[in-house]
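Below is one structure; the comments refer to it alone.
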Amino acid sequence: MSSKKYILEMFPYPSGNIHMGHVRNYVIGDICARYHKLKGDQVIHPMGWDAFGLPAENAAIQFKTHPRDWTLSNIKNMKTQLQKLDLDLDWDREIATCNEDYYRHQQELFIDLYKAGLAYKKDALVNWDPVDQTVLANEQVIDGKGWRTGAQVEKKNLSQWFFKITHYAEELLNDLEKLKLWPDKVKTMQKNWIGKSIGAEIKFKIVDSDKYLNIFTTRPDTIYGATFIAVSINHPLVNEFLDEESVNKIKSEFSEVDDEKDKIGVDLKINCSHPILNKDLPVYVANFVLDNYGEGAIFGCPAHDERDYEFAKKYKLPIIKVIDCKDEDLPYSGDGEVINSEMLNGLSKNEAIKKVISYFTINQIGKEKINYKLRDWGVSRQRYWGCPIPVIYYEDGSYRVLEKSELPVLLPYDVNLESKGNSLLNLDKWRVIICPKTNKRAYRETDTLDTFVDSSWYYIRFLNNKLGKPFDTEQINDLLPVDKYIGGIEHAILHLLYSRFFMKALRDIYNLKVDEPFEQLFTQGMITHKTYKTSNGEWVMPKEVVLKDGQLLRNKTKELIEEGPCEKMSKSKKNVIEPDEILKSYGIDATRIFMISDSPPDRELEWTDEGIQSSKNLTNRIERYFSKEMTSADLDTEKKIEIFVYNIEKNILNFSLNKCIADIYTLFNYLERKKIYLNNSNLSNKILTCLFPIIPKLTISISKNLFKTDKYEKWPDINDDLLYEDRINLPIQIQGKMITTIETKKGYLEKDILKSIYQLDKIKNKIENKRILKVINVQDKIINIIIN
RNA sequence: GCGGACGUGGCGGAACUGGUAGACGCGCAGCGUUGAGGUCGCUGUGGGAUCAAAUCCUGUGGAAGUUCGAGUCUUCUCGUCCGCACCA
């Protein structure tokens, strides 16, 4: 039964060289792809380049070249390296996102998103990376630092383009359940990132003003315990009531707090009235209120929230208990009976929440509200080397998103990268145009799109990379989702969430029948290596280290080397192994075997010299085996080979590739021990066909010799009769403990087999003078004898 | 703090829906082939008792439970790794 299989590995950033992580990734995918081809499936297995991005700009400055030249030459080099890996890739589907032929279609998609209301522009407080001089998405800020530069991210108010990913928050969350073949870990990470919580939005009236302050809470049941209000320093209210100087003063005070968890605040000297009680609550600016969650404002209920409690203690604010608990348990945030709360007294938490929300709704001071942590995706980047956003601005500040007929907006080649910030800004001959529609002077958008936009739909473009429009609807419906998507876990949120959003957005715009881009996700583990250091802390590459008289020495200088723990291969720690060098000394087949042999593919793989050597020994052994003179094979051999075919197939389908290697050893151990050599028999062909996806080069060279062909045609069909094993070693237990086994035929009669079992010495000794209470016979599996 | 994954020999790891724990590999030890060995072949290898063997005991982080039977299921506990983290 042939079907369509789309097998995809995450495409690489063309940084210059292929590293071992790529090799592992692509070998895993390649084994799948080759297997499916042998099964007669119509396989799509493309490769391309995530070719826009900042490193190219930095490298261009450093090496006095151009981002485009640098990128294209890297692509050329890496393609040569990839081709040495014997990967069965559809190179005619190749794309590079920096090519006009890719990004012009992306500009079209941008226009469609805009028309659908899914792309919009707004002033927003954004994450500014001061080193890269660009805005970052929330997903690209880790621990308050830029994901690439590690620089402390600043907040800036800028007018930016956004994609409305929040429109799909609920669906992105719910559809995680449909992704049965995704790792739970990734799904949980996305779930937490989307961060749905159900609560209420409450309007607090600002005293002596006709304005209101909106606050989101998941605990409206504690409203009677509210004793203050706190807002984030970036809340609009702050700018309204304080001048810039005071705001800056507070900001610097906040940034001086050593421990980020220390709670400090400044009294804004304004009050809000309590929505139910007749009292006023003071409003503070507090450092612990997040501006990017909820409304950027909270009501403080010190008795039942740790942070509010700490804050109230510090600023001597009242603490009112409204959930029944012991005083020493304060702050208590658990469930309990509501007290001190007039209309809610005696209710449980959930009852109280329900009742108070309905009260708010009726009196129009609040309502039920579902809140998500997920924010809209800011896609503007103040960088040159990216996809131009197809928008122009007029002198009056208004803008126009271009028509599709005005595309493409080409990225100009001649730029001065040495200038500060985005070099497009200084390129007036590109930036300034006369709008063909209005004949007015206009300026092109100089921000470019986040490169994660490029990678959000590349798997679609692979389906037809030559089409004059972004994609063909029928083809998408026919060939998507990707059946197996293989890559690193580091994209668990960013790329994989954005791609899911894109698929859904395109579905809605174009009436596609696909909801999710990737049916199965497989995250491969990192490759690690021991680290080596000299006594003065200098990292040393593994190839420079030699073992002499039990001591590790640097081969050139004879310095003593300290061995450190196994860590992810990284340039900075120099614990890297270069694929090119390994290919030279061990060949591609041994390398492919080692990539999958020692650990399951989703776990870490430790690189060892012994490991690659034993992989090499295995390829030598296989080659040697098939060069021996043929001997005759018996039925048992045929059965063993049938089991081998069955296991290899099962293990490839499960991504248990390490077990495939074990299967290979098991088979050859058996054949060689019994001195059965198959030479150019059909059985050889069967074995070699199964080995072909794993070690294509070697198996082809063997088949040229034995069969005078360089092709393997078809994965062997399994003969179930040969898999069936008639004779078994039946384990016998007494009191559930293994005693011995007895050889027998399947389908034995219990009373017959028991007769022979009771004759066995080991059993006889144990049951003498005992009464047999019960015999449990799990037919063809085990017999357990219970005695008193 | 919240969430997730996991804990099996000297090491990497096998063990399908509970049914012979340690497949396979690495390492180690012994023997052999070879002028040589990043080679190859054979044998052994969870721990303990016994000169040795047959044999016996014990054994999947720890404690308890369910079951004829638990690495696998349940509860508690300890530990490791990863992700998120002042999320109102």
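Proteins come first, then strands; the chains are lettered A, B, ... in the order of their sequence lines, and each starts at number 1. Atom set for the values below is all heavy atoms of this structure, side chains included, hydrogens, waters and symmetry mates excluded.
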A/K349/A/D335 salt bridge by N-O under 4.0 Å criterion = yes

Answer yes when A/E604 and A/K568 have at least one side-chain N-carboxylate O distance shorter than 4.0 Å, and no when they do not.
-> no

With distance as the sole criterion, is a donor-acceptor pair present between the side chains of A/T166 and A/D376 under 3.5 Å?
-> yes

Ignoring hydrogens and angles, state whether a donor on the side chain of A/Y748 or A/S756 is under 3.5 Å from an acceptor on the partner side chain.
-> no

Within this structure, what is the [atom1]-to-[atom2] distance between [X] and [N], rounded to whole angstrom?
X: A/R307; N: B/G1; atom1: CZ; atom2: C1'; answer: 11 Å
X: A/Q779; N: B/C68; atom1: CD; atom2: P; answer: 20 Å
X: A/I783; N: B/G19; atom1: CD1; atom2: C1'; answer: 12 Å
X: A/N620; N: B/C40; atom1: CG; atom2: P; answer: 7 Å

Between B/A21, B/U17, B/C87, which nucleotide has the shortest distance from any of its atoms to the side chain of A/L290?
-> B/C87

Side chain of A/I786 only, please: which of B/G27, B/G13, B/C68 is the nearest?
-> B/C68

A/Y646 atom OH: more than 12 heavy-atom contacts under 6.0 Å = no

B/G19 base / A/Q733 side chain donor-acceptor hit below 3.5 Å | yes

All heavy atoms of A/R621 vs all of A/E672, minimum pair found to be NE-OE1, 2.9 Å

Table of protein N/O atoms under 3.5 Å from nucleotides 22-25 of chain B N/O atoms:
| from | atom 1 | to | atom 2 | distance (Å) |
| --- | --- | --- | --- | --- |
| B/G25 | OP1 | A/N669 | ND2 | 3.2 |

Sticking with atom C1', work out how far B/C87 lies from B/G25, rounded to a whole angstrom.
-> 47 Å

Looking only at atom P, what distance separates B/G48 and B/C11, rounded to whole Å?
-> 15 Å

Check every strand shown and say whether A/F594 touches a base, only sugar-phosphate, or nothing at a heavy-atom separation below 4.0 Å.
-> nothing

Is B/U17 paired to anything, Watson-Crick or G-U wobble with both distances less than 3.5 Å, and if yes, which nucleotide?
-> none

